[in-house]
Amino acid sequence: MTKEVQKSKNEELVKEEPTDDSHPNRPIPTAWGYRGFVLVSAAFIIFELIFVSLYSTTSWFSTDIRYLGIPVVLVLLPVAHQILLSFDRKPLLIAVSPLRNGLPLILYWNWLTLGESALSIGLRKVAYSSIDELKLTIWGNLHIRTRAIRRGNDLSSANADAQTAEPTDLIFKLPLGVVSPQFQRQLVDTVKQANPHLVTNKRLVKKLAQQDISASQMIGVMGAAIMLMVLIDLGQSSYTYLDVLKNYYNADLSARKNKQADAEKYFGQAEILMREALPMSWIKTKFFEEGNGASGVKIARAEALWHMGKQQEAIETCREALKLSPKAFRINLRLARWLNATNAPADARKEVEEAMEIKKDSFLPRGYMVALEDERTGSAEAQKRYETYLKELDEELFGEEPVWPPGGERFLHDIWYREDLTFVFDRLLKLVRRS
């Protein structure tokens with residue numbers, strides 16, 4: 001039997017309409033712990049989209065958003081709930097049918113619906129009498145399988161033994177752990193009443209034999225509650241983080257425009273926010289004390305300090321950022337620029353050498369060193385250093401030319417910011433420094 005014919009018969013099977021449904025359908029609800037998990041996950045995704053939008057624009061700068069993190073999370077929960085409920089509505093089921101073949105894109109409030117003679121989920125419906133096997137996989141998915149695709153509608157008991165020996169074909173699969181054990185057993189019992197020859201594998205039988213219903217439900221609810229607490233923490237901490245960056249940015253901007261009073265005001269507001277952020281917060285630690293996020297805050301603070309004329313404090317803050325992100329070679333380069341500007345060329349060279357160690361396949365730190373050498377000893381020594389670096393790159397990166405196949409030459413992955421260009425070429429080309 002070709003795959004196309006089998007698929008066609010399978011679709012006919014699962015769309016079979018029962019003729020004796022005289023009782024209302026009985027939806028099987030998902031477990032509360034699972035509902036909470038899906039709800040918080042959806043709210044988290046929406047929250048992250050809002051966070052990225054705020055991070056990418058300045059339109060909200062006139063608003064003090066540090067107190068809005070928790071209210072936004074609480075508002076997003078009912079919004080996410082309504083969005084998740086919409087995944088079970090017919091227009092959306094039809095829209096995603098090419099991807100899910102009639103099944104909901106996300107299971108949320110209900111698992112499936114038990115009718116009098118058929119179960120249904122999304123746009124799909126299958127008669128109980130057509131279900132010959134329920135199989136639980138190692139991944140926790142329930143496979144609903146049938147032999148009707150192979151034998152047609154021959155349901156005579158005379159051929160029961162021969163039919164039972166035939167392999168089954170998958171109709172569709174669903175996660176089993178998203179519903180409570182009593183509803184799992186209800187599904188199996190309902191199908192068995194319609195088809196006494198139903199086969200269940202050992203894994204499913206063992207799963208249904210579990211009696212501790214309350215414990216599994218409690219674990220799920222507690223897990224969802226912990227996720228909600230983390231999301232609330234994330235809401236407060238991330239909005240505080242944005243407000244801190246905003247104030248450091250405004251301080252830097254004001255200082256560049258020689259508005260020292262405004263710069264001091266914004267800088268002071270950022271410092272207060274840093275001290276007043278949630279004291280018992282795991283997310284706050286990630287934003288302000290650990291990793292690249294905290295390093296970014298330190299860099300924003302250092303930039304503001306530098307342009308406010310507090311150069312030594314800026315350098316110390318930059319060193320703190322480097323401790324948080326020791327592999328971020330651009331922090332070394334920023335330190336090198338600032339140290340050179342404060343008449344510490346030897347320290348600047350050390351920072352550039354460290355950047356060269358971190359970024360061996362980049363010419364940018366070497367360009368810094370050539371520029372510093374040109375400024376310190378003149379163009380002749382700078383030329384020698386350039387030739388040395390080029391030779392190293394030939395040996396370690398470029399190799400011999402021409403290469404095969406044609407067009408396969410290796411290249412440097414360098415990104416130059418404006419500060420890099422001005423620092424290097426103002427020295428190499430003796431350009432007049434621009435403001």
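Since this is a predicted model, take the numbers as computed values, not measurements. Just so you know, residue 1 is the first one in the sequence shown, and it goes up from there.
A distance of 11.0 Å separates CD1 of I46 from OG of S41, quoted to the nearest 0.5 Å. Between L305 atom CG and E303 atom CD the span is 10.0 Å, to the nearest 0.5 Å. The distance from atom NZ of K327 to atom CG of L322, rounded to the nearest 0.5 Å, is 10.5 Å. Between the CZ atom in R100 and the CG atom in L92 there is a gap of 11.5 Å [rounded to 0.5 Å]. Annotation: the span from M274 atom CE to D243 atom CG amounts to 12.5 Å, rounded to 0.5 Å. R366 CZ to K359 NZ: the interatomic distance, rounded to the nearest 0.5 Å, is 11.5 Å.
Nearest heavy-atom pair across L39 and L84 is CA-CD1, 3.8 Å. The two residues L412 and D361 have their closest heavy-atom pair at CD2-O, 3.1 Å. Minimum heavy-atom separation, Y34 to L107: OH-O, 2.7 Å. Between I299 and A321, the closest heavy-atom pair is CD1-CB, 3.7 Å. Minimum heavy-atom separation, N292 to S325: OD1-OG, 2.8 Å. When all heavy atoms of Y128 and N195 are compared, the closest pair comes out as O-CB, 4.1 Å.
For D394 and K391, the salt-bridge test fails: no basic side-chain N is under 4.0 Å from an acidic carboxylate O. The residues D233 and K284 are annotated as not salt-bridged, no charged nitrogen and carboxylate oxygen being separated by less than 4.0 angstrom. Contact check on E313 versus R301 returns a salt bridge, with a Lys/Arg side-chain nitrogen under 4.0 Å from an Asp/Glu carboxylate oxygen. A salt bridge is defined here as a Lys NZ or Arg NE, NH1 or NH2 lying under 4.0 Å from an Asp or Glu carboxylate O, and E351 with R319 meets this definition. Ion pairing between D420 and R337 holds under the 4.0 Å rule for side-chain N and carboxylate O. Of the charged side-chain nitrogens involved, at least one lies within less than 4.0 Å of a carboxylate oxygen, so that K298 and E320 count as a salt-bridged pair.
Stacking of K310 on the aromatic ring of F267 is recorded, both the 6.0 Å distance cut-off and the 45° axial limit being met.
Side chain of R145 to main chain of T168: a donor-acceptor pair is present (N/O by atom type, distance under 3.5 Å, no hydrogens or angles). Of the possible donor and acceptor atoms, none in the side chain of N340 sits under 3.5 Å from a partner among the backbone N and O of A348. Between the R349 side chain and the M369 main chain, no donor and acceptor come within less than 3.5 Å of each other. No donor-acceptor distance shorter than 3.5 angstrom exists from the side chain of S97 to the backbone of I94, with no hydrogens or angles considered. For W111 (side chain) and L174 (main-chain N/O), no donor-acceptor pair under 3.5 Å exists by modelled atom type. Looking only at distances, a side-chain donor or acceptor of T422 sits under 3.5 Å from a matching main-chain atom of E419. The main-chain N or O of V126 is never found under 3.5 Å from a side-chain atom of S130 such that the two would form a donor-acceptor pair. Although no hydrogens or angles enter the test, the distance criterion places a donor-acceptor pair under 3.5 Å between the side chain of T30 and the main chain of W109. Side-chain atoms of Q260 come within 3.5 Å of backbone N or O of M308 as a donor-acceptor pair. Of the possible donor and acceptor atoms, none in the side chain of R124 sits under 3.5 Å from a partner among the backbone N and O of G102.
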Distance-only donor-acceptor pairs under 3.5 Å for side chains of residues 61-82, two or more places apart:
residue: D64; atom: OD1; partner: R66; partner atom: NE; Å: 3.3
residue: D64; atom: OD2; partner: R66; partner atom: NE; Å: 2.9
residue: D64; atom: OD2; partner: R66; partner atom: NH2; Å: 3.3
residue: H81; atom: ND1; partner: Y108; partner atom: OH; Å: 2.7

Exercise. How far apart are the C-alpha atoms of F47 and Y239, what are their side-chain angles, what is the distance that settles it, and do they pass the ring pair (Phe, Tyr, Trp, His ring centres under 6.0 Å) test?
Worked result: CA-CA 11 Å; F47 182 86; Y239 273 44; 5.6 Å; yes
List the steps and the verdict of side chain to side chain contact (heavy atoms under 4.5 Å, CB included) for T137 and H143. CA-CA 7 Å; T137 69; H143 284 203; 3.4 Å; yes
Review point. Given R330 and I415, is the side chain to side chain contact (heavy atoms under 4.5 Å, CB included) satisfied, shown in steps?
Key: CA-CA 10 Å; R330 289 193 176 276; I415 297 176; 3.6 Å; yes
| query | Can V188 and L134 be said to form a side chain to side chain contact (heavy atoms under 4.5 Å, CB included), step by step? | reply | CA-CA 8 Å; V188 176; L134 294 176; 3.9 Å; yes
Worked verdict on I149 versus T146 for side chain to side chain contact (heavy atoms under 4.5 Å, CB included):
CA-CA 7 Å; I149 296 176; T146 184; 4.0 Å; yes
One pair to check against ring pair (Phe, Tyr, Trp, His ring centres under 6.0 Å): Y266 and Y248. What are the steps and the verdict?
CA-CA 7 Å; Y266 289 123; Y248 281 142; over 10 Å; no
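Sorted by first then second residue, the salt bridge (charged side-chain N to carboxylate O under 4.0 Å, His left out) pairs that include residues 187-210, not counting sequence neighbours, number zero.
Under the 4.5 Å side-chain criterion, counting only non-hydrogen atoms from C-beta, R35 is in contact with P29. In this structure the side chain of I121 reaches within 4.5 angstrom of the side chain of L103, judged on heavy atoms. The shortest distance between side-chain heavy atoms of L176 and Q184 falls below 4.5 Å. At a threshold of 4.5 Å between non-hydrogen side-chain atoms, the residues N201 and V205 do not count as touching. In this structure, L234 and L231 have side chains that are in contact, with non-hydrogen atoms separated by less than 4.5 Å. W306 has its side chain out of reach of D252: every pair of non-hydrogen atoms, C-beta onward, lies at least 4.5 Å apart. Considering only heavy atoms from C-beta on, S295 comes within 4.5 Å of I331 through its side chain. Put simply, the side chain of I358 reaches to within 4.5 Å of the side chain of N332, judged on heavy atoms.
Taking the six-membered ring for Trp, Y389 and F363 have ring centres at least 6.0 Å apart.
Using the six-membered ring where Trp is involved, W416 and F425 have ring planes that are tilted, between 30° and 60° apart. Aromatic ring pairs are classed by plane angle as parallel below 30°, tilted from 30° to 60° and perpendicular above 60°; the pair F51 and Y55 is parallel.
When the shell of 6.0 Å around OH of Y249 is examined, it contains 12 or fewer heavy atoms from other residues, nucleotides or ligands. The local environment of CD in E400 is sparse, with at most 12 non-hydrogen atoms from other residues, nucleotides or ligands closer than 6.0 Å.
Take K350 and apply the side chain to side chain contact (heavy atoms under 4.5 Å, CB included) test, not counting sequence neighbours, and it matches D347.
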